[in-house]
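Working notes, beginning with the structure itself.
All values below were derived from every heavy atom in this structure, side-chain atoms included, with hydrogens, water molecules and symmetry-related copies excluded. In this chain, numbering begins with 1 at the start of the sequence shown.
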Amino acid sequence: MGKVFAGSIGDKEIVNIDGTVLGDLENIIYEVMTGKLVDLVVKPNSGLDRSRYREDGKFVLIPFSSVVAVKDYIVVDESRAMKK
């Protein structure tokens, strides 16, 4: 993945590889010491099965390591995004 400015991904929809919309990007969590991106904080769609994901209040957390593309949408590999 190439360089992407943080301001350009605000409020983007998060979709899985099949194109199903999971929700909207609310924020990003990163490690202060290393700058490593850790999680996408997602405002989930009302129909999303939240039990399959880690949760933080009204949001779901999707590991940044599951992101496969950032274009018009942020595409994630849902198999790597679900909690174990």
Side-chain angles (χ1 to χ4, degrees):
M1 204 173 353
K3 293 181 182 180
V4 177
F5 289 102
S8 70
I9 63 172
D11 296 325
K12 282 200 183 274
E13 285 187 318
I14 310 297
V15 300
N16 67 16
I17 292 173
D18 297 330
T20 302
V21 178
L22 305 178
D24 297 314
L25 182 65
E26 181 72 21
N27 212 336
I28 297 174
I29 298 172
Y30 70 97
E31 291 180 6
V32 175
M33 298 296 285
T34 64
K36 178 181 176 185
L37 299 176
V38 179
D39 288 313
L40 302 177
V41 180
V42 178
K43 180 179 178 185
N45 278 358
S46 59
L48 183 68
D49 180 5
R50 295 171 57 121
S51 67
R52 299 167 58 185
Y53 302 91
R54 293 179 297 123
E55 296 185 77
D56 184 14
K58 63 182 180 178
F59 302 107
V60 295
L61 302 175
I62 296 181
F64 188 77
S65 60
S66 67
V67 173
V68 294
V70 178
K71 298 282 184 190
D72 294 333
Y73 305 94
I74 299 174
V75 181
V76 298
D77 180 345
E78 199 172 18
S79 67
R80 293 190 276 169
M82 291 185 230
K83 67 181 176 184
K84 297 175 182 175

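- At a threshold of 4.5 Å between side-chain heavy atoms, the hydrophobic network of Ile, Leu, Val, Met, Phe, Trp and Tyr places Tyr53 and Leu40 in one connected group.
- One N or O on the side chain of Asp77 and one on the backbone of Ser79 form a donor-acceptor pair closer than 3.5 Å.
- Qualifying salt bridge (Lys or Arg N to Asp or Glu O under 4.0 Å) partners for Glu13, counting only residues two or more places apart in sequence or in other chains: none.
- For Asp49, the side chain to side chain donor-acceptor pair (under 3.5 Å) partners are Ser51, not counting sequence neighbours.
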For residues 23-36, dump all side-chain donor-acceptor pairs below 3.5 Å to protein atoms at least two apart in sequence or in another chain.
residue, atom, partner, partner atom, Å
Glu31, OE1, Thr34, OG1, 3.0
Thr34, OG1, Lys36, N, 3.1

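- By the side-chain contact (heavy atoms from CB on, under 4.5 Å) test, Val75 pairs with Val15, Ile17, Val68, Ala69, sequence neighbours left out.
- In the hydrophobic clustering of this structure, Phe59 does not group with Tyr73; members are Ile, Leu, Val, Met, Phe, Trp, Tyr whose side-chain heavy atoms approach within less than 4.5 Å, directly or through other members.
- Atom CZ of Arg80 and atom CZ of Phe64 lie 11.0 Å apart (nearest 0.5 Å).
- For Arg54, the side-chain contact (heavy atoms from CB on, under 4.5 Å) partners two or more places apart in sequence, or in a different chain, are Asp39, Leu61, Pro63, Lys83.
- Residue Pro44 comes nearest to Lys58 through the heavy atom pair CD-O, 3.4 Å, listed as atom of the first residue, atom of the second, then distance.
- The number of heavy atoms from other shown groups lying within 6.0 Å of NZ (Lys12) is above 12.
- Between the side chain of Asn45 and the main chain of Leu48, no donor-acceptor pair closer than 3.5 Å is present.
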Step by step, would you call Leu22 with Val76 a side-chain contact (heavy atoms from CB on, under 4.5 Å)?
CA-CA 9 Å; Leu22 305 178; Val76 298; 3.7 Å; yes
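- No side-chain heavy atom of Val41 sits less than 4.5 Å from a side-chain heavy atom of Asp56.
- Asp72 meets the side-chain contact (heavy atoms from CB on, under 4.5 Å) test with no other residue; sequence neighbours excluded.
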